[in-house]
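Numbered from 1 within each chain, the chains take letters A, B, ... in sequence-line order. Atoms considered below: every heavy atom in the structure, side chains included; atoms not considered: hydrogens, waters and symmetry mates.
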There are 4 protein chains.
Amino acid sequence: MTETAPAEKAPFRRRRKDARPSELTTAALELFVERGYAATRLDDVAARAGVSKGTLYLYFRSKEALFKAVIEEGMLTVLAAAEQRLADYRGPATDLLREMLLDWWQQIGSTPMAGVSKLILCESSNFPQLAEYYQEQVITRGRALLRGVLRRGIEGGEFRALDIEAAIGVIIAPLLMLAISRFSLRLCSQEVTAADYLTTHVDLLLDGLRHHPDPAGATGTKAADERLR
Amino acid sequence: MTETAPAEKAPFRRRRKDARPSELTTAALELFVERGYAATRLDDVAARAGVSKGTLYLYFRSKEALFKAVIEEGMLTVLAAAEQRLADYRGPATDLLREMLLDWWQQIGSTPMAGVSKLILCESSNFPQLAEYYQEQVITRGRALLRGVLRRGIEGGEFRALDIEAAIGVIIAPLLMLAISRFSLRLCSQEVTAADYLTTHVDLLLDGLRHHPDPAGATGTKAADERLR
Amino acid sequence: MTETAPAEKAPFRRRRKDARPSELTTAALELFVERGYAATRLDDVAARAGVSKGTLYLYFRSKEALFKAVIEEGMLTVLAAAEQRLADYRGPATDLLREMLLDWWQQIGSTPMAGVSKLILCESSNFPQLAEYYQEQVITRGRALLRGVLRRGIEGGEFRALDIEAAIGVIIAPLLMLAISRFSLRLCSQEVTAADYLTTHVDLLLDGLRHHPDPAGATGTKAADERLR
Amino acid sequence: MTETAPAEKAPFRRRRKDARPSELTTAALELFVERGYAATRLDDVAARAGVSKGTLYLYFRSKEALFKAVIEEGMLTVLAAAEQRLADYRGPATDLLREMLLDWWQQIGSTPMAGVSKLILCESSNFPQLAEYYQEQVITRGRALLRGVLRRGIEGGEFRALDIEAAIGVIIAPLLMLAISRFSLRLCSQEVTAADYLTTHVDLLLDGLRHHPDPAGATGTKAADERLR
DNA sequence: AATGAATGAGTTTTCATTCAT
DNA sequence: TATGAATGAAAACTCATTCAT
């Protein structure tokens, strides 16, 4: 408003203008994650972004469009981070798996992007198409990455044989809960630092995956199968 | 509804009156879990319960009161199920842990009560006092149960030493995700049956916990610690 | 319910039954006066009368019918009290006027019936027909009584000549305000007992009415007339 | 609406914004006075003000807040009018008293502000705090003004001795009834113009207050005292 | 006669969306 | 572009009225 350098006016404006959409989605993400979609008022989003409510409608057709933009922007970020690592990484699957989990935490789980996971979890039934899209673009790809590592580990004798699809979910769950817990009740990571939690998860997991002769678990498994019909 | 004794006609009204609250909370739970608190209209809750909107207000002062009742009723159910198992169970910690996890799934995770977990996860920041209450009454108690088993296992040499608090969270997370996934996107248990998922979780976990000499994991742990600061 | 003397049952019931309507109107009058018609809930009327809400509908077709019954019952009481005094009273108009005002206070103004005045004042525009009826039956009759006394006093030389219709209103106003004030803010009778207030009113009034030669007031009156057009 | 300066088009919005609250309270005052608080629908207030229902909530948090604003705005107007007259007026108390009463009618009683008196009278038990505030700010101050004049008149020998507090109420009552009657049944001023009514009140009152020797009233007073205990 | 559970029309209140400036 | 006043559809909530018992 009180521009001291009139020569710079145009670029400044340009920059603001270009930055607007992501300023808005950033504010929206925070509030959507904290309160949920329906409970978030556009008034509050605008206020947090420091603009008027009307301005939101210059960039997004509707509240739903804003929400979708938030999710899509988050997905782009996630996928961009992931693609970088697809990597020609070579070496033991054990190391690779550990690497992937810690990477995920550093690139995604510990950032605001983790909020997108919470949104998908909480709002998926209200936005089925968006959820499906997320499923295809993010979840399926992420699972594929893990599947590759697990297969390699099993084939190479590092990991014992197991139900790979199920294992993928079991591996992801603690990461996801850790990320989501940042925005709500600490259901799982109460009184524990993220580092301790992750370390314990990785250690337990790699120990559990490791191929060793002890046949004791098998009995238990059968018993469990019976209990679950 | 299924009147077997026509002679008992008189208490019909009375029985209805007594049954109403839980009919209403049942309908409300379903919708709150599916759509979230804010997106659930009381009209729909009433319709699902087969009553008029006004009837809801005969039993619950407000939408918020209904929500709290839903959570509290769920908590009672969960705690009642848990208390039953506190048990004088004796035997290997390994068996006990497996037992507990499968029990949780059968008593809670696979029932409508699992929805309460999703609600707490999604709505905790909108109902902080309720979340705190849930934390104290349910989470803390549940963690205490697991803590007891892990300690016994470690002291008895069945399990290796580890960060017990962190391990509790890691153990719970896959169960919770499995339960919550029933009401939204299958973030973790995609294309896998609950039984396979649980079996894999328990097997991996017990393998990972088992006390065996291989010291390889330690190195990895240190590397991870460094990455996480 | 638990009648110990079954022989007396019938008459007891009968008495209750006959008394019901006035028990209900009594409770209704209290609440209507305190809160106004619209703000009074039938639930509360029923509760104050110690019956269920449904019972009200056994005696009154609707809330409006109940209100009208309250007013009409009040009017009957008022008129009955008035008729008694129409009297073949003889004597100085001064004494008669004082008598009438004090009587009104004792028979009406100091009783629950005074509430009817407040109701008419506050609700007349919501029940124009009822107000008109009250006007005809109560106000007009009351004014006629006063008119008679004032005329007699003027004709007999006790009172000076004045605008009789206006004087009637001026005489009534303090009585009415005193009565109404019992149910709301003491706009006029703050910190004064009803007896002091009435005494002062009557004294001032009779002094003011008395025929005395002093011509000073005339000037003032003319000035006032000019100010008011 | 009545734009005399078309060049000033820009501030139209601004002017509207500033004017809105009082447009709304004006409409609200009319309806509250006519129907009472509870029976007045915000729909109707909005319609009378020529805006939509939602607009009301742009300026007032709730119906109750609107009501309080109506009363407070009315009080400000009343007090502002009163302060103007506090006056260094000198002269006979008789003239001053007449002046005050006629002023009140012209400044308040004959204006829409008179409606506030009706609201306070009718709604005081539903808004006790507001009533108390009104009592302190308006009634107490108004009584103080009258008290001053009466004292001066008595001390100066113009008025006879009497119960000043009671007299204040007796003096106010006809004014108040006249004002309130404009909005409901003419309980007191039926078939009489305001001017005639006021003139009669003032004349009667000043006559009644005047100091004259006749001791006749005393007897009557004693009789009245006995009747009232 | 009496009850009180149930109803649904009516009211208050909220908030996404529009649009004149 | 940006604003924010205004809108009105939709949701929460109330309560007079009904009716099965």
Would you say the side-chain atoms of [X] pair up with the backbone N or O of [Y], donor to acceptor, closer than 3.5 Å?
X	Y	answer
C:T25	C:V70	no
C:K63	C:T40	yes
C:K53	C:A46	no
B:S124	A:L185	yes

Name the pairing partner of [N], where a pair is Watson-Crick or G-U wobble with both distances under 3.5 Å, or state none.
N	answer
E:dA1	none
F:dC15	E:dG8
E:dA20	F:dT3

Practice task
Classify the nucleic acid contact of D:K63 as base, sugar-phosphate or nothing, counting any heavy atom under 4.0 Å across all strands shown.
Solution key: sugar-phosphate
Practice task
May I ask you to say what A:L58 touches in the nucleic acid, namely base, sugar-phosphate or nothing, with a heavy-atom cut-off under 4.0 Å?
Solution key: base
Practice task
Identify, between C:S62 and D:G50, the residue whose nearest nucleotide on DNA chain F lies closer to the 5' end.
Solution key: D:G50
In whole angstroms, how far is the [atom2] atom of [N] from the [atom1] atom of [X]?
X	N	atom1	atom2	value
C:F67	F:dT17	CZ	C1'	19 Å
A:R35	E:dC15	CZ	C1'	14 Å
D:L66	E:dT11	CG	C1'	15 Å
A:F60	E:dT18	CZ	P	16 Å

Closest listed nucleotide, where the reference is the side chain of [X] and the choices are [options]:
X	options	answer
B:R41	F:dT7, E:dA6, F:dA12	F:dA12
A:L42	F:dT7, E:dA5, E:dA16	E:dA16
D:T55	E:dA2, E:dT17, F:dA6	F:dA6
B:K53	F:dC13, F:dA6, E:dA6	F:dC13

Exercise for the section: Would you mind telling me which residue lines up with the more 5' stretch of DNA chain E, B:L56 or A:A38, judged by nearest nucleotide? Expected result: B:L56
Fill in the blank from the handout: Assign each of A:Y37 and D:D43 the nucleotide of DNA chain E bearing its closest heavy atom; nearer the 5' end lies the nucleotide of D:D43
Exercise for the section: Give the ring-plane orientation class for A:F127 versus A:Y37, where under 30° counts as parallel, over 60° as perpendicular and anything between as tilted. Expected result: perpendicular
Has [X] got a side-chain N or O lying under 4.0 Å from the OP1 or OP2 atom of [N]?
X	N	result
A:R20	F:dA2	yes
B:Y59	E:dA6	yes
C:Y57	F:dT17	yes

